[in-house]
Amino acid sequence: MRKVVRGFYAIAYAVKLSKPNVIAAYPITPQTEIVENLAQMYANGDLGDTEYITAESEFGAASMVLGASAAGARVFTATSSQGLLLMTEVLYNAAGMRLPVVLVVANRSISAPLSIWNDIQDSISIRDAGIIQLYAENNQEAHDMVPLAFKVAENRDVLLPFMVCVDGFKLTHAYEPIDLLDQEAVDRFLPPYKPPVKLDVNNPVAMGCYAPPPYYMEFRVAMEYAMDRAKEIMLEEFDKWYEITGRNWGGHVVAESCEDAEIVVVAMGSIVSLVREAVKQLRQEGLKVGLLKIRTYRPFPAEDIRESLKNAQKVIVLDRALSVGAEPPVTADVKSALFGLDLEVYPVVVGLGGRDIPRELIEDIVRNVAEGKITPEKRYEGLNEFEEVIP
Amino acid sequence: MVKIKLYIGASNPPLSTSMKTGDWGTELAIVDEEKCIGCGQCVTFCPEPAVELVEKDEKKVAVVNHDYCKGCWVCYTVCPVSAIEMETKDIYKIEVC
Amino acid sequence: MDILKEVRFHGRGGQGAVTAADILAVAGFKDGYYTLSFPMFGAEKRGTPVVSFLRISDEPIVIRDEVKNPDFVVVMDPSLVDVVDVLAGIKDGGIAIINYPKGSEDLKQKLGKDVEVHAINATKMAMEILGRPITNTAMVGAFVGATGIVKIESVEETIMEWFGNKDIAEKNVRLVREAYDHMKEVCGW
Amino acid sequence: MNLFGPGHGACPGCGFPIAVRGALEALDGKAIVVNSTGCLEIVSSMYNRNTWGVPYVHSLFENAGAVAAGVEAALRALKREDEAHVVVFAGDGATFDIGFGTLSGMMDRNHNVIYICYDNEAYQNTGNQQSMATPTGAATTTTPVGNILPGKVGRKKDMVGIAVAHGIPYVASASIAYPKDFQRKVKRAAEFKGAKYIQVHSPCVTGWGIDGKLTVEVAKLAVETGLYPLVEYENGQLVRVRKIKERKPVTEYLKLQRRFRHLFSHPKGQEIIEELQRVADENAKKYGLDA
């Protein structure tokens, strides 16, 4: 059913259709409306047997979904920015305990200075936790990713938390037409959760044990193997999703106009659409430009990226986060995927803390790269000149 | 290299008693079954638990499982009839020449 | 409409500037367009000047930043023209529709910019029909009357769906229609 | 199958296993245990050497309250609430200090959880660092005795009072010296729906500097001096108190423990002893301890 809705509603509605047993959440801008919508559905009795709990903090919310997941429940939470950082310890723990917690992150910058606006520093900061991360290009994709997240996370060969990353405000607060899923389609795709192990008096096990040196390393490496398996399993699920909904979002990456492209722009999240428009414009100008959308960020699709970019000469990576003191995070990952190939990678940081990313800015970057006006070194676009002073 | 069985979710099968703690202390609790009135105080208090009440000659007496008794003296201190003695393990009975 | 149209709404927190954009997004969708509306990304409190945005197009909408160069500007509160540069960035040939009691000529002089500006006394209309000075639906009607980019019937249908209370919905439809008729006549089409 | 142990690695004479086993027996093993990081967790839940006979989960140091709330919510959502009681075992560090927020949240939302704090009055797992449960004058590695300072300055936090203030249906204090009383309290707690808080005084032989054979005696003296009053609140009302026939001076309790030994020689020791006696006297007055 196509309906004009806000992004946060599209997400909340997909959560409802996924029938989680327990939702625990704590509000934070710009995630708040996601959980407000779920709270309203709960208040209206529209969530069936789902328990909705208002937590005392994001830390508490994450801990509650962890506990509920250990008890065998399908669980959901959502957060942003500082909230995600506050959850971080628990999320690492959930990943290590192999609990399929699903969360939506309404991406927002990290304080200080305080900023409620969009970049992806928050989710990028916990890329090493053992959590699957998908970045939505638009609200339709965000809506579709939610049932998918449960399906993949709960797969016995995966059993890892799953994070759906959605640009705060830009997507969450946009009011636009969305093809809302129906219950029947979601039920067909996503069966009820059957936990392989749970807290059960009839079959007592201990979970969250501590592992001395003879065991610890195996547990961590086992997570890595699960991530690897998730790569294949996700592709299968993407296909099934297409069969059921008719919507094909592609695989871990989507390469557009890359076959003959000399320059390819790599992007993640809502700016992908903008880059696509820029590419169209630049193609009209005769520039051989392509777009590579990274959809799955963890597990990192290094082979897909290498395959897509092997014919390019210059690769521009648009990073919307920093790894202060090192190369921007997505650039670093892309570079490692391209190691040994004869091409140049241009790290370009844009759009931190909600800074505008006009289409013309992207076009200019590409033109400048094409004309050799800029070198493949870390640079910041859309940045004002400034001078540091101490009052 | 040994092959390890890894329970996913760091989950563990229940109740391993594989760690025998009976060799921890220098002493062991020994019950004088004559004096024992089978009140169960030692059972309640034993932190391990290494004491249980067993039916013997038509009366209940405390029996200490020396595989797990750490020799902590707790049972000794709570026994209302002084039926428990703490005995130094043979290995610690050093004979001075 | 073959190209993207961008609209910026000015109001004060609590006056329904976001709802105005949303109603038009739904109405435009009913007419078969791609639409995108969203509030100013921030944390504005009741009474502070706020903006909301609407994009409407034949093609899927990919630009999600705040509207910097609107084709149309809608202002819900007469006091805003003194404190906010409501015409900031407006395109050449753009149209501004402003709730302003003293008429278009006075308004044009005050704003001093060479764009099409239409005043409408929406507060008076709202007081007469709703009994309350809530002007967002009136300004939606005025916007449609001035621009014609969505069908007034679609707007009316949307408003009937929007308000849970049938009586309030009908009053708002009347208000929208009155503002629409008025503005259509002013603009002479 | 036993509910807990044997084969765990607690020090000989440790207090908390008495409480853990007592609580699980009181509930007939109908329990899902949530445990915070700490001594109990370390001695019982090493991978491949789990000594729990009931379902058990450990997540972090500071989130047992929230994890238990999540487990309880899941049981409700999955229509399994009759299967077991959700029982938390957490040390005083996890309860009074770092996990206070999630415990408060759990109590505020009144989850159907029995939260048992085994109170050994410092971070004993890591070698006796002070917590908000450490009593005045106790020497810990982070409140050491020096020329100027006589151990911990400041009072032990009144967690029982704070739990009562949350308006939860049942709150009690207990001691491993009175295991039957503790077990009765656990059973009583299980009769209430909602959040229950039981704080059980549980000596740490190494941290307190006592011999295993003194565990029970020291715990008993804490009660008999009035320093650790055993009280019980139902629906906010103080309903039962363990009366003391002849209240003993606090020095009898203090002198048995290495953590208080300096009080008898330090220039400020006498002042601290008087302060502790005042605390005991206040407790006696507040709860009507004297028989």
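Within every chain, numbering begins at 1; the chains are lettered A, B, ... in the order of the sequence lines, protein sequences first and strands thereafter.
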Proximity breakdown for [X] and chain D, heavy-atom pairs closer than 4.5 Å:
X: A:Val205; answer: backbone
X: A:Ala24; answer: neither
X: A:Asn93; answer: side chain
X: A:Val90; answer: both
X: A:Tyr210; answer: both
X: A:Ile53; answer: side chain

Portion of [X] that has a non-hydrogen atom of chain A nearer than 4.5 angstrom:
X: D:Asn48; result: side chain
X: D:Glu62; result: both
X: D:Asn63; result: both

Would you please indicate if the ring centroids of A:Phe219 and D:Tyr47 are separated by under 6.0 Å? yes
Quick check: closest heavy atoms across [X] and [Y], and the distance to 0.1 Å?
X: D:Glu83; Y: A:Asp200; value: OE2-OD1, 3.4 Å
X: D:Ala66; Y: A:Glu56; value: CB-OE2, 4.4 Å
X: D:Met46; Y: A:Cys209; value: C-CB, 4.4 Å
X: D:Thr102; Y: A:Gly60; value: CG2-CA, 4.3 Å
X: D:Gly53; Y: A:Pro204; value: O-CG, 3.6 Å

Measuring from [X]:[atom1] to [Y]:[atom2], what's the distance to the nearest 0.5 Å?
X: A:Met64; Y: D:Met106; atom1: CE; atom2: CE; result: 10.5 Å
X: A:Met207; Y: D:Ser45; atom1: CE; atom2: OG; result: 12.5 Å
X: D:Leu78; Y: A:Asp49; atom1: CG; atom2: CG; result: 9.0 Å

Could you check D:Val54, D:Leu75, D:Val57 and say which one makes a side-chain contact (heavy atoms from CB on, under 4.5 Å) with A:Leu199?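 Going through the options one by one, the only one that passes is D:Val57.
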Do you know which of [options] has the most heavy-atom pairs under 4.5 Å to chain A?
options: D:Ala77, D:Gly105, D:Ala31; answer: D:Ala77
options: D:Ile32, D:Leu60, D:Ile42; answer: D:Leu60
options: D:Lys79, D:Arg49, D:Glu72; answer: D:Lys79

Can a donor-acceptor pair be found, under 3.5 Å and without considering hydrogens, that links the side chain of D:Arg80 to the backbone of A:Ala71? yes
